[in-house]
Amino acid sequence: MSYKAEYIWIDGTEPTALLRSKTRILADGAEPPVWGFDGSSTNQAEGHASDRVLRPVFTCPDPIRGGASLLVLCEVEEIDGAPHASNTRASLRGVAEQFADQESWFGIEQEYTFFKGSRPLGFPDGGFPAPQGPYYCGVGADAIFGREIVELHLDRCLAAGLAVSGINAEVMPGQWEFQIGPAGPLEVADHMWIARWLLYRTAEEFGVEATLDAKPARGDWNGAGAHTNFSTKAMREGYDAIITACEALGEGDKPMEHVSQYGVGIESRLTGAHETAPWNKYSYGVSDRGASVRIPWQVEVEKKGYIEDRRPNANVDPYVVTRLLVNTCCAALEKAGQV
């Protein structure tokens, strides 16, 4: 007997990495071994020395093939075992281990947009739909486009055992969101990459493209983000730690350090309009979706909980955003003795 293992990895395409995958047939009961690939075809090597290594780091059931088939998420390494330059997971591992005692939790809200050809799904040929308003969490064929893809994707995420916590239609036709979390920094990012792969693979079956473009439609339409909810044990127990984290994110050059790594095209999305703060100005506030970082109203009432960083783009690397938030906030909390 044998089973199919779909090896999945993040490539070296810039400015936004792509997902790649290929299938290996393994003997029944065998663990997915280290494998290799042609890095010269994925922007991760030159042709004269093109071998790169796939090291499995997370596996889950393959909900598409079923049976004993697995999805195998891999880190990319050099042939000497060193992390490849494109391997952002390796950088997160060290930071996550350094601040593990603070028990960081994340919930990432992944927005995305379906395209059919050159236009968002639901945009009429040669024209534009009615202004945004009825589409967010809407119902009915005049407002909702692609629900059959979204429902199948959700079912597949659940069957894969991912920490998916919800879905909703967003503010533009053909625009949707799913949420991953709560989970730790490595887990939430691993699950997000697999959920993205399942999204692309599911949309492919319908002849539809799912894009993480930060501003998929120019004009008076919201962009697409990946709002990132974050907390530590101290933040879940007290409000002073919440304020410390918010202040740390706005200190010195921290705002630009984060924004510059929060996804390509961030200036087109963080304009100060459409429920965003300007990309070059940091702010935080209670129940304020026009702030860089929002403190939910119930967090202020209960004096404990989490914060929402509203700046990350839909195309952000989840390994990068979790690393930045853990490194900035946990270091500040440690310095303040709020751990």
Side-chain angles (χ1 to χ4, degrees), residues 107-154 164-180 195-196 199 202-203 206-229 262-279 281 283-299 307-316:
I108 301 179
E109 305 169 23
Q110 177 67 73
E111 295 179 348
Y112 60 93
T113 310
F114 288 133
F115 268 67
K116 186 74 170 180
S118 62
R119 298 178 67 77
L121 197 64
F123 274 47
D125 292 337
F128 292 89
Q132 59 187 46
Y135 311 110
Y136 173 72
C137 296
V139 64
D142 59 336
I144 295 301
F145 306 91
R147 191 186 294 276
E148 67 276 17
I149 311 174
V150 172
E151 291 290 344
L152 180 55
H153 173 249
L154 176 61
V164 61
S165 50
I167 57 171
N168 60 267
E170 271 299 334
V171 299
M172 190 179 81
Q175 194 175 65
W176 293 81
E177 175 186 299
F178 65 86
Q179 302 94 35
I180 297 290
R196 286 176 173 181
L199 175 65
T202 301
F206 292 82
V208 170
E209 176 193 0
T211 176
L212 305 186
D213 192 311
K215 190 70 173 179
R218 305 307 175 194
D220 194 20
W221 300 100
N222 278 30
H227 301 152
T228 301
N229 301 289
Y262 272 5
V264 175
I266 205 159
E267 298 90 344
S268 67
R269 176 178 151 263
L270 298 186
T271 62
H274 302 113
E275 298 181 310
T276 70
W279 66 272
K281 294 181 180 179
S283 61
Y284 71 89
V286 176
S287 196
D288 186 358
R289 282 177 167 78
S292 307
V293 172
R294 179 178 68 96
I295 301 173
W297 67 269
Q298 72 270 25
V299 171
I307 60 175
E308 177 195 44
D309 192 338
R310 296 181 56 79
R311 297 170 294 173
N313 275 351
N315 56 20
V316 73

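For the numbers below, each heavy atom of this structure counts, side chains included, while hydrogens, waters and symmetry mates do not. The chain is numbered in sequence order, starting from 1.
- Note that CD of Gln110 and CZ of Arg196 are 4.5 Å apart. Values are rounded to the nearest 0.5 Å.
- Side-chain atoms of Asn313 and Tyr262, non-hydrogen and from C-beta on, never get closer than 4.5 Å to each other.
- For His153 (side chain) and Ala195 (main-chain N/O), a donor-acceptor pair under 3.5 Å exists by modelled atom type.
- Checking side-chain atoms of Arg310 against main-chain N and O of Glu275 turns up a donor-acceptor pair under 3.5 Å.
- The distance between the ring centers of Phe128 and Trp221 does not fall below 6.0 angstrom.
- For the residue pair Pro173 and Pro120, the shortest heavy atom distance occurs at O-CB, 4.2 Å.
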Assess the residue pair Asn222 and Gln132 against the criterion (side-chain hydrogen bond (donor to acceptor under 3.5 Å, both in side chains)); give the C-alpha distance rounded to whole Å, side-chain angles, the decisive distance to 0.1 Å, and a yes or no.
CA-CA 8 Å; Asn222 278 30; Gln132 59 187 46; 2.8 Å; yes
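- To the nearest 0.5 Å, atoms NE2 (His227) and CD (Glu308) are separated by 5.5 Å.
- Two residues are said to be in side-chain contact when any heavy atoms from C-beta on lie closer than 4.5 Å; Val171 and Tyr136 meet this criterion.
- Nearest heavy-atom pair across Pro131 and Pro134 is O-CD, 3.6 Å.
- Of the possible donor and acceptor atoms, none in the side chain of Lys281 sits under 3.5 Å from a partner among the backbone N and O of Ser292.
- Taking every heavy atom of both residues into account, Arg147 and Val139 meet most closely at NH2-CA, 4.0 Å.
- The shortest non-hydrogen separation linking Ile144 to Ala169 is CD1-CB, 3.6 Å.
- Nearest approach of Ser283 to Ala291, heavy atoms of both residues: OG-CA, 3.4 Å.
- The side-chain heavy atoms of Trp279 and Arg269, taken from C-beta on, include no pair separated by under 4.5 Å.
- From Arg294, atom CZ reaches atom CG of Asn229 across 7.0 Å, with rounding to the nearest 0.5 Å.
- Using a 4.5 Å heavy-atom threshold, the side chains of Asn168 and Gln179 count as touching.
- Annotation: side chain of Phe178 is in contact with side chain of Leu199 (closest heavy-atom distance under 4.5 Å).
- Side-chain contact between Trp176 and Phe114 is present, with heavy atoms from C-beta onward closer than 4.5 Å.
- With contacts defined as side-chain heavy-atom distances shorter than 4.5 Å, the pair Met172/Pro129 does not qualify.
- A distance of 5.0 Å separates OG1 of Thr202 from CG of Leu152, quoted to the nearest 0.5 Å.
- If you take OH on Tyr112 and OG1 on Thr211, they are separated by 12.5 Å, rounding to the nearest 0.5 Å.
- The distance from the NZ atom of Lys215 to the CG atom of Asn315 is 13.5 Å, given to the nearest 0.5 Å.
- A pairwise comparison of heavy atoms in Gly290 and Asp288 identifies N-OD1, 2.8 Å as the closest pair.
- Atom CZ of Phe206 is surrounded by more than 12 heavy atoms from other residues, nucleotides or ligands within 6.0 Å.
- Put simply, the side chain of Asp213 does not reach to within 4.5 Å of the side chain of Thr113, judged on heavy atoms.
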